[in-house]
Amino acid sequence: MNIIRTIKGTHDILPADSKNWQNLENIVNEVCGRFGYEEIRTPIFEETRLFSRSVGENTDIVSKEMYSWEDRDGMSLTLRPELTASVVRSFIQHNLGTQAPIQRLYYMGPLFRRERPQKGRQRQFHQFGVEAFGSKYPEQDAEIIAIAWQILEECGLSNKSTLHLNSIGSTECRLDFRDALRDCIRPNLNQFSETSQKRFETNPLRILDSKADFEQKLLENAPKISDFFTENDKIDFDKLQSYLTAMGIPFSLDEKLVRGLDYYSRTVFEFRSTALGAQDALLGGGRYDGLVKTLGGKPTPGIGFAAGMERFLLGMNEQKKDSKTDIYFVCLDESVLSTCLSLSNQIRRAGYSVMTDPSRRSMKAQMREANKMNAKYAIILGQKELEDKTVVFKDLAKGDQESILQSGLIKKIEGLTK
Ligand code: HAM
């Protein structure tokens, strides 16, 4: 029979890697906590219309990448392709806006997009992200970017990545810009790719971030969004840049950055890394001042980002931690097993990790295993020790060993690890 394997674009995270994952998760929890952000967890699947209304009908995500199905009651459901929409749904559903003037939330979890898999791009992948609701001011943008920067620093990635920053202006200014952009592209429209020709109708701004050189050439004389900024758009964007400079966060202005989700307005940003290859976007985000209203809530400004965890881990140096096993409990005889199990459990309750052998192997095999696991100490228990109520306690690094009373075991370990 053929063995059953993971679906294309999905991966197991095996024990050898899970330490790196836990390390990254710890950094995210720690840094978000320092900024006063609290964790939110939302369901893996939602109503399809949540994503089509927020991310946008014509985006790549909604038009071709979602895993959607009709449930038995006829409702269309979708495995979440991103988390901002879910967090906004939850914010509205639970009236979080009434609980505090500013809501600061963060999350981690799996997402699903039916993209063509390649290095750094999966069909099931993981993000961590943050969302802040309630402030329209650039100091909030600066806080969000500072979180991203601090996480990148702690992961050793800040010097391998560049912050691309842009403002796509508020809705009013974007409408005028869209018309001007269409006017500029129209005469040469048939020279653009099929995708761009479609985007010309649905979302011409996306043509700007085309990766094709010939299209960038055709766009040389395209109007600039900054020429269409309202007075406030301009003031806020300038302020944000001065706050980033004050915090020592380097950035490069990128007029071509528009992002592929429809809910953005004003500030948008991406951290890209040279350590990643073609899929170089480590983290992306921006403002979505109209989204809470679009999804039926009281108008509330919002801003956030999300980062691909697989991409972070690809960019981070392998940071495997030392063995977690403090003690290997060597059991010499079946008759001492219940004492071995009971003592091991007492030591674990005191906060130390203990491994025992569940396969009744020889002392030599158990000692070999203890060394392989990098255990610091071995405790050896045989018939004689059982009668004397002692154990043999061995320091595996030094090779010293001594006989100690079972009743003094935890004190002994505590004394050594202080
Ligand atoms: P996004 O740019 O679609 O934004 O995704 C954010 C990050 O998720 C990307 O920069 C990338 O690192 C990672 N990512 C996306 N797709 C894949 C994939 N197929 N495989 C591996 N990693 C991937 C959002 O999702 C927005 N919700 C971000 C946001 C939050 N904006 C405001 N708040």
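Heads up: numbering here begins at 1 and tracks the sequence. Any value given below was found using the heavy atoms of this structure, including those in side chains, with hydrogens, waters and symmetry copies removed. Quantities reported herein were computed from a predicted structural model and do not represent experimental measurements. Order of appearance sets the numbers: ligands from 1, and atoms from 1 within every ligand.
Remark: Arg89 does not engage Glu47 in a salt bridge, criterion side-chain N to carboxylate O under 4.0 Å. Under 4.0 Å is where a charged nitrogen must lie from a carboxylate oxygen, and between Asp60 and Arg199 at least one such pair does. With salt bridges taken as basic N to acidic carboxylate O contacts below 4.0 Å, one links Arg186 and Asp183.
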- Determine, stepwise, if the pair Tyr263 / Thr294 fulfils side-chain contact (heavy atoms from CB on, under 4.5 Å). CA-CA 9 Å; Tyr263 49 63; Thr294 304; over 6 Å; no
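Among residues at least two apart or in separate chains, ring-ring contact (aromatic ring centres under 6.0 Å, His included) pairs with a member in residues 7-40 are Trp21-His126.
Counted within 6.0 Å of OH on Tyr137, heavy atoms from surrounding residues, nucleotides or ligands total 12 or fewer; the atom is thus considered open.
Residues lining ligand 1 at a heavy-atom distance below 4.0 Å are given as Glu82, Thr84, Tyr107, Arg113, Glu115, Gly120, Arg121, Gln122, Phe125, Gln127, Glu131, Arg259, Leu261, Tyr263, Tyr264, Ala281, Leu282, Leu283, Gly284, Gly285, Gly286, Tyr288, Gly304, Phe305, Ala306, Gly308, Arg311, ordered by chain and residue number.
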